[in-house]
Amino acid sequence: MTRRFPVFTAALFMLAGCATPQPQGPMVDDTSFFLGSFDKVWEVTFKVLEKNSLVVKDFDREKGEITTKFANYSVGPKAHHELDTIAERPQVRLGLYTQVGYTLTLRLVAVNDMNTQVKVTAHIEAYDTNATKKWQPCISKGVLEREMLEKIRNSL
């Protein structure tokens with residue numbers, strides 16, 4: 001009997017150590033700091049947008065803001081499922097999405113002479129061809145934002 005107690009206690013502690021905390025929802029990492037002057041990061045950001053076929057709709061260097069034109073993420077029957085990759089589906093009953101697209105807003109702020117902060121915001125919409133026959137706004141999962149920040153980082 002005395003041998004079972006230490007074995008049982010050890011097994012109990014091992015199982016308790018395997019418990020995992022509950023996920024806290026999607027983490028959106030939409031901001032990064034880059035080692036580089038504002039001018040350098042601004043220039044690289046424009047090159048990254050161009051390289052990824054994202055057309056600049058508007059920019060204001062004084063505010064450090066760049067906005068892209070609407071770009072397609074997915075078109076056709078597969079768009080309904082591919083929407084889940086980058087955003088939460090709109091709360092439309094019987095919605096059927098045949099086109100998913102987005103615009104990006106990038107905000108650059110000079111932290112000091114050699115550091116620049118970049119925040120990316122994705123505005124995602126999906127076109128419902130069934131229930132509403134309208135574009136529906138979607139909540140981003142942060143995928144497009146993280147991808148853009150990584151592309152800027154890799155280009156510096």
Among all residues two or more places apart in sequence or in another chain, which pass the side chain to side chain donor-acceptor pair (under 3.5 Å) test with [X]?
X	result
Lys40	none
Glu125	none
Asp113	none

Does anything in residues 55-73 pair up under salt bridge (charged side-chain N to carboxylate O under 4.0 Å, His left out), and if so which pairs, sequence neighbours excluded? Asp39-Arg61, Glu65-Arg107
If you count every heavy atom of other residues, nucleotides or ligands that lies below 6.0 Å from Glu147 atom CD, does the total exceed 12?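 Buried by this count: over 12 neighbours within 6.0 Å.
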Do the side chains of [Y] and [X] get nearer than 4.5 Å, heavy atoms only?
X	Y	answer
Val56	Ile66	yes
Phe34	Val44	no
Arg89	Asp84	yes

How many angstroms lie between [atom1] in [X] and [atom2] in [Y], if you round to the nearest 0.5 Å?
X	Y	atom1	atom2	result
Ile139	Ile86	CD1	CD1	13.0 Å
Thr45	Leu106	OG1	CG	6.5 Å
Leu108	Phe59	CG	CZ	12.5 Å
Gln117	Asn112	CD	CG	11.5 Å
Cys138	Tyr97	SG	OH	7.0 Å
His123	Thr67	NE2	OG1	7.0 Å

Hydrophobic clusters here meaning ILVMFWY residues chained together by side-chain heavy-atom distances under 4.5 Å, can you tell me if Val48 and Phe46 are in one?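 Linked, Val48 and Phe46 end up in one cluster.
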Which atoms form the tightest heavy-atom contact between [X] and [Y], and what is the distance?
X	Y	value
Thr85	Val143	O-CG2, 3.3 Å
Asp128	Gly95	OD1-CA, 3.4 Å
Phe38	Gly64	CZ-CA, 4.0 Å
Val41	Gly36	CG2-O, 3.9 Å
Ala71	Leu54	CB-CD2, 3.6 Å
Val120	Glu145	O-CG, 3.1 Å

Side-chain donor-acceptor pairs under 3.5 Å in residues 148-156, sequence neighbours left out?
residue: Lys151; atom: NZ; partner: Asn52; partner atom: OD1; Å: 2.9
residue: Arg153; atom: NH2; partner: Ser32; partner atom: OG; Å: 3.0
residue: Asn154; atom: ND2; partner: Glu150; partner atom: O; Å: 3.3
residue: Ser155; atom: OG; partner: Lys151; partner atom: O; Å: 3.0

Report the C-alpha separation of Leu35 and Asn115 in whole Å, then their side-chain angles, then the decisive distance to 0.1 Å, and conclude whether the side-chain contact (heavy atoms from CB on, under 4.5 Å) test is met. CA-CA 5 Å; Leu35 182 60; Asn115 291 291; 3.6 Å; yes
Residue pairs, two or more places apart or on separate chains, that pass ring-ring contact (aromatic ring centres under 6.0 Å, His included) and touch residues 126-156: Phe70-Trp135, Tyr127-Trp135
I'd like to know whether Leu144 forms a side-chain contact (heavy atoms from CB on, under 4.5 Å) with Tyr73, so could you lay out the CA-CA distance, the side-chain angles of the two residues, the decisive distance to 0.1 Å, and finally the verdict. CA-CA 10 Å; Leu144 297 173; Tyr73 180 78; 4.3 Å; yes
